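Following: one structure in structure tokens, then a few remarks.
Residue numbers run from 1 in the order of the sequence given. Atom set for the values below is all heavy atoms of this structure, side chains included, hydrogens, waters and symmetry mates excluded. Just so it is clear, the structure is predicted and the values come from calculations on it, not from any experiment.
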Amino acid sequence: MKKSKLAIILASLTLALMLNGCVEKSDSEFSQVDGVSNSNTTEIAATRIIHSVEKPKEEIKSMSVYAKSEFNFIEGMVGTITTYTSAEKDENDEFMWDDGHIFAVEVFDGKNYYYLFEPQRVQLGTIEYKIFKDKDNIVRIITDLVTQAGITDHIYEFKYDTKTSKGKFCENIFHSFDNINELKTSK
């Protein structure tokens with residue numbers, strides 16, 4: 001059941017990326033495009049380019065690692081993705097969750113940092129990620145921002161310019177549900 005659900009989500013996200021592409025826009029141009037909404041659902045096709053920075057953000061240094069994974073960006077380039085949280089840990093190394101914490105998602109390619117989710121407060125929720133390569137060997141990352149009041153799915157595609165040896169992520173907000181009342185979760 002879970003595999004077929006993930007396959008449907010991945011196929012939908014891939015279609016959304018193919019239709020929208022990865023076109024550089026300024027922050028002011030990052031907006032809803034062709035949005036379809038009803039009372040609590042918005043399907044969004046928007047793009048934001050995330051360029052690398054050479055140093056980690058200062059806010060990250062005082063945060064705890066919530067999740068961390070290593071993966072191959074492109075041939076010969078191994079990187080990590082790390083989700084940080086401001087939630088403190090107890091003496092048993094367990095998180096002490098409160099109503100809200102600051103979260104951040106950082107990708108490190110071995111020399112540069114990319115902030116897929118800038119440090120920001122998440123009320124009654126978490127942010128999770130999934131990493132995969134599609135049939136064209138393109139690295140994609142899906143993040144799920146899940147709170148008790150809403151769910152937002154983002155998909156990121158890694159683009160690498162061999163001429164400049166620089167990479168970037170193209171972000172698309174795939175789907176957003178607002179004003180929800182969470183009934184059950186598997187975790």
Side-chain angles (χ1 to χ4, degrees), residues 1-50 57 59-60 63-69 81-89 94-107 114-132 134 140-157 169-187:
M1 179 70 174
K2 285 185 179 183
K3 286 184 180 182
S4 63
K5 191 175 186 180
L6 180 59
I8 291 169
I9 290 171
L10 292 177
S12 299
L13 292 172
T14 301
L15 178 62
L17 275 177
M18 288 186 320
L19 293 174
N20 193 42
C22 183
V23 179
E24 185 133 11
K25 297 179 181 180
S26 68
D27 287 339
S28 63
E29 293 176 303
F30 180 66
S31 61
Q32 184 172 324
V33 179
D34 298 328
V36 178
S37 64
N38 62 29
S39 61
N40 71 337
T41 304
T42 304
E43 292 188 34
I44 302 170
T47 300
R48 178 174 66 113
I49 305 301
I50 301 167
K57 293 194 177 278
E59 305 98 304
I60 300 298
M63 298 172 80
S64 300
V65 173
Y66 176 66
K68 186 172 186 172
S69 301
I81 182 171
T82 308
T83 301
Y84 294 95
T85 181
S86 63
E88 295 181 21
K89 291 186 173 184
E94 298 287 330
F95 284 106
M96 297 185 296
W97 297 111
D98 200 351
D99 288 350
H101 295 283
I102 299 194
F103 279 86
V105 177
E106 170 193 88
V107 174
Y114 306 85
Y115 287 91
L116 306 185
F117 191 79
E118 294 281 342
Q120 60 187 283
R121 186 168 183 77
V122 174
Q123 190 71 22
L124 298 172
T126 62
I127 186 162
E128 306 290 335
Y129 62 80
K130 296 157 191 69
I131 307 166
F132 64 97
D134 66 12
R140 298 184 195 270
I141 298 172
I142 297 173
T143 61
D144 300 315
L145 172 60
V146 181
T147 68
Q148 288 186 341
I151 299 169
T152 304
D153 298 316
H154 298 245
I155 186 163
Y156 304 87
E157 177 181 338
F169 278 94
C170 302
E171 174 191 53
N172 286 283
I173 300 173
F174 172 66
H175 206 96
S176 183
F177 291 96
D178 296 313
N179 301 317
I180 66 167
N181 184 10
E182 182 180 79
L183 302 175
K184 209 69 155 149
T185 181
S186 62
K187 292 186 179 191

- prompt: Checking side-chain contact (heavy atoms from CB on, under 4.5 Å) for the pair Asp134/Arg140: CA distance, chi angles, key distance, verdict?
  reply: CA-CA 7 Å; Asp134 66 12; Arg140 298 184 195 270; 2.7 Å; yes
task: Go through the steps for Phe117 and Thr83 under the test side-chain contact (heavy atoms from CB on, under 4.5 Å), then give the verdict.
output: CA-CA 9 Å; Phe117 191 79; Thr83 301; over 6 Å; no
field: Step-by-step side-chain contact (heavy atoms from CB on, under 4.5 Å) determination, Phe169 to Ile141
entry: CA-CA 9 Å; Phe169 278 94; Ile141 298 172; 3.9 Å; yes
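The side-chain contact (heavy atoms from CB on, under 4.5 Å) search around Asp99 returns Gln123, Leu124, not counting sequence neighbours. Applying the side-chain contact (heavy atoms from CB on, under 4.5 Å) rule to Ile60 yields the partners Lys57, Met63, Tyr84, Ala104, Glu106, Tyr115, Pro119; only residues at least two apart in sequence or on another chain are considered.
Looking only at side-chain heavy atoms (C-beta outward), Ile127 and Val122 stay at 4.5 Å or farther from each other. For the pair Lys130 and Asp144, the minimum side-chain heavy-atom distance is below 4.5 Å. A 4.5 Å side-chain heavy-atom check between Cys170 and Ile49 finds at least one atom pair inside the cut-off.
Heavy atoms from other residues, nucleotides or ligands lying under 6.0 Å from CD of Glu88 number 12 at most. Within a 6.0 Å sphere centred on NZ of Lys89, heavy atoms belonging to other residues, nucleotides or ligands number more than 12.
Closest non-hydrogen pair, Tyr129 versus Ile81, comes out as CE1-CG2, 3.5 Å.
In this structure, CD1 in Ile142 is found 12.5 Å from CG in Leu116, a value given to the nearest 0.5 Å. In this structure, CD1 in Ile155 is found 12.5 Å from CD1 in Ile173, a value given to the nearest 0.5 Å.
Ring geometry for His101 against Trp97 counts as perpendicular: the plane angle is over 60°, on a 0 to 90° scale with 30° as the lower cut.
No side-chain donor-acceptor contact under 3.5 Å links Tyr156 to the backbone of Ile50. Panel note: side chain Ser64, backbone Ala87; a donor-acceptor pair is recorded below 3.5 Å.
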